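I have placed the structure first, in the form of structure tokens, so that the comments after it can refer back to it.
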Amino acid sequence: MASQDWFDKDFYAVLGVDKKASEADLKKTYRKLARQYHPDSNPGDAAAEARFKEISEAYSVLSDKDQRAEYDQVRAMGSGARFTAGGPGQGGGFEDVFGGMFGQQGGGGQRVRFGQGGAGGFEDILGGMFGGGAGFGQSSGGYRGFGGPTKGRDVTATTTLDFATAIAGDTVKLAQGNGRPVNVRIPAGVADGQKIRLRGRGEPSPDGGDAGDLVVAVHVRKHPVFERDGQHLRVDVPVTFVEAALGATIQVPTLGGEPVKLRVAPGTPSGRVLRVKGRGVTTKTGTGDLLATVQVAVPSHLSDKAKEAVEALAAALPDEDPREDLLAKARG
């Protein structure tokens, strides 16, 4: 911060608090004003943005115990004096404020000069007066700028869920870095690799700002039967050759519920998808379907009688090649 600002700006008036305000009162007032004038709450409002910066500037000084003490002493000593260039014969400049302290005359003779940088500058003089280091306010790390209090650091964690738990949602208990458990609500329909952000559940701010977030990475175990496809669930359903050829009503499993009955039309080929509405994954954007893919099961062993029956069927069927169209397309 430029030294002139410590004389010119009444940070207590900016925040609207008494000079004896406690740290708690300062924080409470700052947060109220920051919410009111934050740029996100006032898009395109230059006046609100300027006011927000002014509030943040004031709080960044007054919230720091050491900087606040220095600020109070400088304000009390300056009594509203201004930092001016102080040309020859011109009184009332910055040098006049401190001239009497070092035995100088107010309007003439040799004056004490206060440079902006390097050894022996204004900051060095005030730093020595108030117990600081080479720079003004160095004991607390210097002025933090217009950003105000900093947000605490985010904390990351991982959790592994069963497939059904990820689809239905649940509350899980995780251990934080400090050893304390924390309950985390997993929303229904969370996907493998998805990250859940819990606002304000991370590390606290070092200077009175908002706490960081807890970011949980979710891993989902595979299911032996079902597979997720966006908001849909997929399952392979085997049917016999007879069921596929003549048609049948079959049972199809659902996740976490009773099986449902589906009609397989006569002549259903392997790979056809049958749809069960509303039995997929439910998320905040909607609910998917259960997609059952028909897989015609071919017996691996046939009795002599069954083999004769299949041969008789083959003789009765039309003499056609099911791959004829495929081969024609491949030839172009």
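When reading the values below, keep in mind they use all heavy atoms of this one structure, side chains included, and skip hydrogens, waters and symmetry mates. Since we're looking at a predicted model, the values are computed, not measured.
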Worked verdict on Arg153 versus Glu203 for salt bridge (charged side-chain N to carboxylate O under 4.0 Å, His left out):
CA-CA 5 Å; Arg153 290 191 301 177; Glu203 293 188 3; 3.2 Å; yes
Hey, does Asp45 have a side-chain heavy atom less than 4.5 Å from the side chain of Tyr37?
no
So do Thr158 and Lys195 actually touch side chain to side chain, heavy atoms under 4.5 Å?
no
Would you say the side chain of Asp192 lies within less than 4.5 Å of the side chain of His219, judging by non-hydrogen atoms?
yes
Do Ile186 and Ile196 come within less than 4.5 Å of each other through their side chains, counting heavy atoms only?
yes
Any chance CG of Asp321 has more than 12 other-residue heavy atoms, nucleotides or ligands included, within less than 6.0 Å?
yes
Can you see whether Asp72 engages Tyr12 through a side-chain donor-acceptor pair at a distance of less than 3.5 angstrom?
yes
On a heavy-atom basis, the closest approach of Val190 and Val220 is O-CG2, 4.3 Å
With heavy-atom distances below 4.5 Å as the criterion, would you say the side chains of Leu161 and Val172 are in contact?
yes
Mark yes or no for whether Glu243, through its side chain, and Thr240, through its backbone, hold a donor-acceptor pair below 3.5 Å.
yes
Audit row: Val215, Val155, side-chain contact (heavy atoms from CB on, under 4.5 Å) steps and yes/no
CA-CA 6 Å; Val215 181; Val155 176; over 6 Å; no
Just wondering, more than 12 heavy atoms not from Asp210 lying within 6.0 Å of its CG?
no
Please confirm whether the backbone N or O of Phe52 pairs with a side-chain atom of Ser56, one donor and one acceptor, at under 3.5 Å?
yes
Cation over ring, Arg221 on Phe163, under 6.0 Å and within 45°?
no
If you define the side chain from C-beta out and look only at heavy atoms, does anything of Val184 sit under 4.5 Å from Leu174?
yes
CG of Asp64 to CD of Glu23, rounded to nearest 0.5 Å, is 9.5 Å
Between the side chains of Thr171 and Asn183, is a donor N or O closer than 3.5 angstrom to an acceptor N or O?
no
Closest heavy-atom contact between Leu255 and Ala164?
CD1-CB, 4.4 Å
Would Phe11 and Arg68 count as a side-chain contact (heavy atoms from CB on, under 4.5 Å) here? Give the steps.
CA-CA 10 Å; Phe11 292 144; Arg68 182 177 180 180; over 6 Å; no
Heavy-atom pair of closest approach, residues Leu214 and Arg201
CB-CB, 3.6 Å
Using modelled atom types only, decide if a donor and an acceptor are shared between the side chain of Asp229 and the backbone of His232 within a distance under 3.5 Å.
no
What is the distance from atom OH of Tyr59 to atom CG of Leu33, rounded to the nearest 0.5 Å?
11.5 Å
If you look at every heavy atom in Arg275 and Leu262, which pair is closest and at what distance?
O-CD2, 4.4 Å
So, do Lys151 and Asp154 sit near enough that their side-chain heavy atoms are less than 4.5 Å apart?
yes
Residues in side chain to side chain contact (heavy atoms under 4.5 Å, CB included) with Arg35, at least two apart?
Arg31, Lys32
Tell me whether Asp325 is salt-bridged to Lys329, with the criterion being a basic N under 4.0 Å from an acidic carboxylate O.
yes
Which pair of non-hydrogen atoms, one from Val260 and one from Val276, has the smallest distance, and what is that distance?
CG2-CG2, 4.1 Å
With sequence neighbours left out, what residues match Ala191 under side chain to side chain contact (heavy atoms under 4.5 Å, CB included)?
Gln194, Arg228
Side-chain donor or acceptor of Asp289 paired with backbone N/O of Gly280 under 3.5 Å
no
Quick one: side chain to side chain donor-acceptor pair (under 3.5 Å) pairs with a partner in residues 277-287, sequence neighbours left out?
Gln231-Thr283, Gln231-Thr285, Thr254-Arg279, Thr282-Thr287, Thr283-Thr285
If you apply the rule salt bridge (charged side-chain N to carboxylate O under 4.0 Å, His left out), what do you find for Arg51 with Glu54, and how did you get there?
CA-CA 5 Å; Arg51 176 69 171 136; Glu54 186 181 33; 3.4 Å; yes
Measuring from Leu290:CG to Leu274:CG, what's the distance to the nearest 0.5 Å?
9.5 Å
With side-chain contact (heavy atoms from CB on, under 4.5 Å) as the test, would you mind laying out the steps for Ser270 and Gln295 before giving the verdict?
CA-CA 5 Å; Ser270 186; Gln295 301 290 346; 3.4 Å; yes
Nearest 0.5 Å please: distance from the CG atom of Asp213 over to the OG1 atom of Thr156.
12.0 Å
Linking I/L/V/M/F/W/Y whenever any side-chain heavy atoms sit under 4.5 Å apart, do Val225 and Val237 land together?
yes
Apply the test side-chain contact (heavy atoms from CB on, under 4.5 Å) to residues Leu291 and Leu233: give CA-CA distance (whole Å), side-chain angles for both, the deciding distance (0.1 Å), then the verdict.
CA-CA 6 Å; Leu291 306 178; Leu233 289 178; over 6 Å; no
Distance from Glu308 atom CD to Leu302 atom CG, nearest 0.5 Å?
11.5 Å
Which heavy atom of Tyr30 sits nearest to which heavy atom of Pro149, and what is that distance?
OH-CD, 3.1 Å
NZ/NE/NH1/NH2 to OD/OE distance under 4.0 Å, Glu57 and Lys9:
yes
Following the transitive rule for hydrophobic clusters with a side-chain heavy-atom cut-off under 4.5 Å over Ile, Leu, Val, Met, Phe, Trp and Tyr, establish whether Phe241 and Leu317 coincide in one cluster.
yes
Kindly check if the number of other-residue, nucleotide or ligand heavy atoms within 6.0 Å of CD (Glu227) is above 12?
no
Do Asp25 and Val17 touch side chain to side chain, with heavy atoms closer than 4.5 Å?
no
